[in-house]
Number of protein chains: 2
Amino acid sequence: MKWDTLDEEPCSLSRTIAVVGDRWTLLILRECFLRVRRFEGFQSSLQITRHLLSERLKKLVRFGILRRAPYSEAPKRYEYILTQKGLDLYPIIMAMVHWGDTHMGDERGRPLLHEHKTCGKLFDPVMVCSECGERLHAKQVHVHAGPGRRQAVG
Amino acid sequence: MKWDTLDEEPCSLSRTIAVVGDRWTLLILRECFLRVRRFEGFQSSLQITRHLLSERLKKLVRFGILRRAPYSEAPKRYEYILTQKGLDLYPIIMAMVHWGDTHMGDERGRPLLHEHKTCGKLFDPVMVCSECGERLHAKQVHVHAGPGRRQAVG
DNA sequence: GTTTGACAGTTCTATTTTAGAACTATAGCC
DNA sequence: GGCTATAGTTCTAAAATAGAACTGTCAAAC
């Protein structure tokens with residue numbers, strides 16, 4: 001599998017991994033969800049090298065996940081803002097945070113707690129079926145080939 | 001941020017990325033969910049190099065996501081089976097597949113369709129609040145520091 | 001009017017990871 | 001004894017990442 005054309009594979013997981021499947025991208029996006037928008041902000045909170053940060057931000061803009069918006073004219077400065085496509089990554093990040101909370105925790109408890117403003121309570125994210133609303137479990141899902149599948153690729 | 005101790009960071013996202021945040025791990029796990037269990041099976045369906053596959057399987061066993069179970073005594077051969085910890089990664093993979101379906105699709109339609117055996121319908125995974133059952137949106141979530149957080153790390 | 005500092009990058013070398021191919025080892029079958 | 005299947009290991013080359021230093025613009029301080 002060639003890494004640079006992974007986004008053209010007939011597999012939605014591969015296509016997503018092409019965008020967020022590296023060491024840093026999801027951590028950068030976490031900062032975006034925590035309202036960080038500027039180069040120096042990402043750099044100082046993540047300790048990522050400036051070179052890599054620059055590359056990743058370009059890639060995220062190229063894929064339409066962030067947009068680069070000017071916030072100062074002289075000198076020209078830009079900040080990076082989540083698009084709707086980027087906001088839609090939220091369930092991925094929350095699913096990963098929840099798995100980490102459940103399986104990678106230590107004796108000190110959770111690093112972060114999440115409050116649902118709508119109901120006012122601390123919550124966990126739960127994945128349910130869009131049709132019946134029941135909790136999803138891998139063993140209750142059957143996979144069919146769809147129209148976009150070619151050959152023996154998942 | 002040091003990649004080899006990422007699983008000790010006071011951040012559940014970092015800890016999860018330490019386990020599944022590389023080029024291949026999630027693709028290997030996708031195959032596990034599609035009932036692949038053996039070295040040659042992973043290798044031929046993913047086109048991953050044998051060296052990397054071997055490394056990744058060892059890592060997944062080390063983290064308790066797969067267990068290595070003998071299926072033949074002479075010669076000794078093993079297969080790799082998802083543990084509960086591994087099965088719990090399902091929402092992450094489904095969230096990524098769903099995002100890929102939504103934002104990275106082409107004109108041919110979805111590569112795979114998912115049927116919920118419980119209700120018999122084709123579905124999409126939806127993330128909801130464990131407390132009120134409403135759909136989650138990033139803007140309706142407020143983040144608090146939890147007991148396991150130290151310093152200014154998310 | 002020169003210096004300092006903030007911000008947003010770019011450029012360079014060194015190290016680590018990954019890719020690609022070939023090789024090893026065990027055992028069954030002909 | 002030779003062929004095949006399975007599950008790896010070992011090697012070199014290429015690519016990605018780490019780490020540090022450098023560039024350019026402008027505002028404010030001296």
Side-chain angles (χ1 to χ4, degrees), chain A residues 1-9 14 17-29 31-32 35-63 66-81, chain B residues 1-9 14 17-29 31-32 35-63 66-81:
Chain A
M1 197 167 296
K2 40 271 143 224
W3 183 244
D4 51 342
T5 58
L6 202 57
D7 58 322
E8 293 159 20
E9 289 287 314
S14 296
I17 288 174
V19 183
V20 300
D22 66 85
R23 260 148 139 118
W24 287 107
T25 298
L26 285 169
L27 292 169
I28 292 170
L29 289 166
E31 297 301 306
C32 293
R35 316 280 191 269
V36 173
R37 301 178 158 200
R38 297 181 186 178
F39 193 92
E40 299 294 325
F42 294 113
Q43 208 280 319
S44 64
S45 64
L46 291 174
Q47 301 294 96
I48 183 176
T49 66
R50 306 178 75 79
H51 177 58
L52 259 264
L53 175 57
S54 175
E55 290 295 309
R56 288 297 175 272
L57 290 172
K58 276 181 205 158
K59 181 178 168 184
L60 288 168
V61 170
R62 186 153 34 83
F63 275 113
L66 300 178
R67 67 194 165 80
R68 189 163 175 266
Y71 73 90
S72 149
E73 277 307 318
K76 273 269 185 193
R77 299 223 189 287
Y78 299 90
E79 56 188 5
Y80 297 89
I81 299 176
Chain B
M1 196 167 296
K2 42 272 142 221
W3 183 244
D4 50 343
T5 56
L6 203 57
D7 58 323
E8 294 158 21
E9 289 287 314
S14 295
I17 288 173
V19 183
V20 302
D22 67 84
R23 260 148 138 120
W24 286 108
T25 298
L26 285 168
L27 292 169
I28 292 169
L29 289 166
E31 297 302 306
C32 293
R35 316 280 191 269
V36 174
R37 303 180 155 198
R38 297 182 185 177
F39 193 93
E40 297 296 323
F42 294 113
Q43 208 281 319
S44 64
S45 65
L46 292 173
Q47 300 295 97
I48 184 177
T49 65
R50 308 177 74 77
H51 178 57
L52 260 264
L53 176 57
S54 176
E55 291 294 311
R56 288 298 174 272
L57 290 172
K58 277 180 204 159
K59 179 177 169 184
L60 288 168
V61 170
R62 185 152 35 84
F63 275 113
L66 300 177
R67 66 192 165 82
R68 190 163 174 264
Y71 73 89
S72 148
E73 277 308 315
K76 273 267 183 193
R77 298 223 188 288
Y78 299 88
E79 56 189 6
Y80 297 88
I81 300 177

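Quick caveat, the model's predicted, so the values are computed rather than measured. Chain letters run A, B, ... following the sequence lines, proteins first, then strands; residues in each count from 1.
Partners of Arg68(B) by side-chain hydrogen bond (donor to acceptor under 3.5 Å, both in side chains), not counting sequence neighbours, listed by chain and number: Tyr80(B). Applying the side-chain contact (heavy atoms from CB on, under 4.5 Å) test to Glu73(A) and every residue at least two apart in sequence or in another chain returns Pro70(A), Lys76(A). Listed by chain and number, the residues in a side-chain hydrogen bond (donor to acceptor under 3.5 Å, both in side chains) with Glu79(A) are Arg38(A) (sequence neighbours excluded). Scored by the side-chain contact (heavy atoms from CB on, under 4.5 Å) test, Ser44(A) finds no partners at all (sequence neighbours excluded). Judged as a salt bridge (Lys or Arg N to Asp or Glu O under 4.0 Å), and not counting sequence neighbours, Arg67(B) has no contacts. By the side-chain hydrogen bond (donor to acceptor under 3.5 Å, both in side chains) test, Arg23(B) pairs with no residue at all, sequence neighbours left out. Taking the side-chain hydrogen bond (donor to acceptor under 3.5 Å, both in side chains) definition, one finds that Thr25(B) meets it with Asp22(B), sequence neighbours left out.
Protein chain A touches strand DNA chain D; the 5'-most and 3'-most nucleotides with an atom under 4.0 angstrom of its non-hydrogen atoms are dT17(D) to dC26(D).
For the contact set between residues 53-63 of chain A and DNA chain C, defined by any heavy atom under 4.0 Å, the members are Ser54(A), Lys58(A). Of the residues in residues 17-25 of chain B, those lying under 4.0 Å from DNA chain C by heavy-atom distance are Arg23(B), Trp24(B).
Rounded to whole Å, the distance from NE2 on His51(A) to P on dA8(C) is 19 Å.
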Polar atom pairs between nucleotides 25-27 of chain C and protein, under 3.5 Å, N or O only, would you list them?
unit_1  : atom_1 : unit_2   : atom_2 : d
dT26(C) : O2     : Arg77(B) : NH2    : 3.4

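Within the structure, every pair that satisfies the salt bridge (charged side-chain N to carboxylate O under 4.0 Å, His left out) test and touches residues 41-50 of chain A, not counting sequence neighbours, is listed here: Glu40(A)-Arg50(A).
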